[in-house]
Trainee: 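Here it is, the structure, as structure tokens.
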There are 2 protein chains.
Amino acid sequence: MENIQFKKGVLELCVLVLVGQQDLYGYELVNNISKYIEISEGTIYPLLRRLTKEGYFTTYLAESHEGPPRKYYRLTEGGQRYRDDLMREWDVFVGRVNSVIFQGGRHEQG
Amino acid sequence: MENIQFKKGVLELCVLVLVGQQDLYGYELVNNISKYIEISEGTIYPLLRRLTKEGYFTTYLAESHEGPPRKYYRLTEGGQRYRDDLMREWDVFVGRVNSVIFQGGRHEQG
DNA sequence: ACCAGCTACCTTGCAATGAAAGGTACTGTT
DNA sequence: AACAGTACCTTTCATTGCAAGGTAGCTGGT
């Protein structure tokens with residue numbers, strides 16, 4: 001998978017979903033997501049900052065036995081709503097793209 | 001559908017697929033795709049230029065009864081290969097994103 | 001004490017791409 | 001002539017992912 005462009009906007013959704021399941025810190029998130037989708041720290045940290053700034057996450061620090069303190073991210077209520085909206089949009093979007101590429105945009109629809 | 005970012009890279013695939021089915025001109029393409037995905041001329045024309053420059057399309061002009069001449073785009077062999085590669089990548093990508101957001105990145109996998 | 005390697009955080013500068021806004025030009029109708 | 005519709009094109013901007021680099025703490029080996 002070399003196509004960077006596919007990822008645009010989708011990483012945001014992945015991050016929102018994973019943090020929604022349990023509080024996570026950035027480094028953990030990178031390792032978690034990158035099992036599936038190639039991703040680097042330089043992508044995740046700015047994304048986490050932005051989503052926090054936009055009110056979708058709160059953060060807190062916790063000590064670690066194996067290194068510097070970890071900054072955990074927790075999904076807010078607004079974040080949950082945003083996540084749910086994005087999931088619906090993702091679903092609709094994939095459906096529409098598949099309409100275009102599998103039926104050639106010639107399929108009858110509303 | 002307000003999320004612009006989802007579209008990044010995917011429009012390229014849509015354009016390749018549609019032109020692969022039959023020669024199309026830009027204006028027609030905009031109207032065709034925008035039934036499914038919001039899109040504007042300012043997006044399509046630069047994209048068509050780029051894909052032509054990269055050797056995926058050839059072009060020819062044809063007169064029109066109802067306005068200025070139309071510039072038709074035709075998919076090259078290289079374009080067909082690229083289209084097929086992109087389709088496979090899109091499929092894989094969607095599968096992986098769904099793994100992350102539906103199984104929380106905890107599903108066993110190669 | 002020193003160093004390597006890992007964990008964990010962060011930033012700057014860059015490239016790609018979609019969109020808004022604007023421009024050109026032809027045809028047909030009024 | 002004026003206008004609407006078709007059809008092309010460009011410039012400028014915002015967003016976002018990445019490479020590269022920087023800071024700092026902990027662990028284990030020498």
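Note on naming: letters A, B, ... go to the chains in the order of the sequence lines (proteins, then strands), and numbering restarts at 1 for each one. Computation of the quantities below employed the complete heavy-atom set of this structure, encompassing side-chain atoms and omitting hydrogens, waters and symmetry-equivalent molecules.
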Trainee: Quick check on DNA chain C: between Arg50(B) and Tyr25(A), whose nearest nucleotide comes earlier from the 5' end?
Mentor: Tyr25(A)
Trainee: When all nucleic acid strands are considered with a 4.0 Å heavy-atom cut-off, which category describes Glu28(A): base, sugar-phosphate, or nothing?
Mentor: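 The residue Glu28(A) makes no contact with any strand.
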Trainee: How close do Phe102(A) and Met87(B) get, heavy atom to heavy atom, and via which atoms?
Mentor: CE2-CE, 3.5 Å
Trainee: Closer to the 5' end of DNA chain C via nearest nucleotide, is it Ser64(B) or Tyr27(A)?
Mentor: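 Between the two, 5'-proximity favours Tyr27(A).
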Trainee: Specify the separation, in whole Å, of atom CD of Glu63(A) and atom P of dC9(C).
Mentor: 14 Å
Trainee: Check every atom of dA8(C), dA16(C), dA7(D) against the side chain of Arg70(B) and return the nucleotide holding the closest atom.
Mentor: dA7(D)
Trainee: Quick one: is dC9(C) close enough that its OP1 or OP2 comes under 4.0 Å of any side-chain N or O from Arg49(A)?
Mentor: no
Trainee: What is the separation between atom CZ on Phe93(A) and atom C1' on dG18(C), rounded to the nearest whole Å?
Mentor: 12 Å
Trainee: Starting at CG of Leu47(A) and ending at P of dC10(C), how long is that distance when rounded to a whole Å?
Mentor: 12 Å
Trainee: Which listed nucleotide (dG18(C), dC8(D), dG17(D)) is nearest to the side chain of Thr43(B)?
Mentor: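 Among dG18(C), dC8(D), dG17(D), the one nearest the side chain of Thr43(B) is dG18(C).
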Trainee: Which nucleotide sits closest to the side chain of Lys8(A): dT16(D), dC10(C), dA19(C)?
Mentor: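 Nearest to the side-chain atoms of Lys8(A), counting from C-beta on, is dT16(D).
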Trainee: Given dC9(D), dT16(D), dC18(D), identify the nucleotide with an atom nearest to the side chain of Gln5(B).
Mentor: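 Of dC9(D), dT16(D), dC18(D), dT16(D) is nearest to the side chain of Gln5(B).
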Trainee: Nearest to the side chain of Lys71(B) - dC18(D), dC8(D), dA8(C)?
Mentor: dC8(D)
Trainee: If you find the nucleotide of DNA chain D closest to Glu66(A) and the one closest to Ser40(A), which residue's nucleotide is nearer the 5' end?
Mentor: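 Closer to the 5' end of DNA chain D: Ser40(A).
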Trainee: Whole-Å distance between dG17(D) P and Glu38(A) CD?
Mentor: 14 Å
Trainee: Does a side-chain N-to-carboxylate-O contact under 4.0 Å join Asp85(A) and Arg88(A)?
Mentor: yes
Trainee: Tell me the interatomic distance from Leu48(A), atom CG, to dC9(C), atom P, rounded to whole angstroms.
Mentor: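 My rounded result for the distance is 9 Å.
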Trainee: To the nearest Å, how far apart are Ile44(A) CD1 and dT16(D) P?
Mentor: 13 Å
Trainee: Classify Gly42(B) by what it touches in the nucleic acid, base, sugar-phosphate, or nothing, heavy-atom distance under 4.0 Å.
Mentor: base
Trainee: Rounded to the nearest Å, what distance is computed from the CD atom of residue Glu12(B) to the C1' atom of nucleotide dA16(C)?
Mentor: 10 Å
Trainee: Quick check: is Trp90(B) connected to Ile4(A) through a chain of hydrophobic side chains (ILVMFWY, heavy atoms under 4.5 Å apart)?
Mentor: no
Trainee: In this structure, how many angstroms lie between the C1' atom of dT29(C) and the NE2 atom of His65(B), rounded?
Mentor: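 One finds 18 Å between C1' of dT29(C) and NE2 of His65(B), rounded.
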Trainee: Starting the side chain at C-beta, find the nucleotide from dG17(D), dT11(C), dT17(C) nearest to Tyr45(A).
Mentor: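 Within the option list, the nearest is dT11(C).
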Trainee: Are Glu38(B) and Lys7(B) close enough for a salt bridge, meaning some N to O gap below 4.0 Å?
Mentor: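 No, Glu38(B) and Lys7(B) are not salt-bridged.
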Trainee: Is it the case that Tyr73(B) and Glu28(B) place a side-chain donor and acceptor less than 3.5 Å from each other?
Mentor: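 Per modelled atom types, Tyr73(B) and Glu28(B) side chains form no pair under 3.5 Å.
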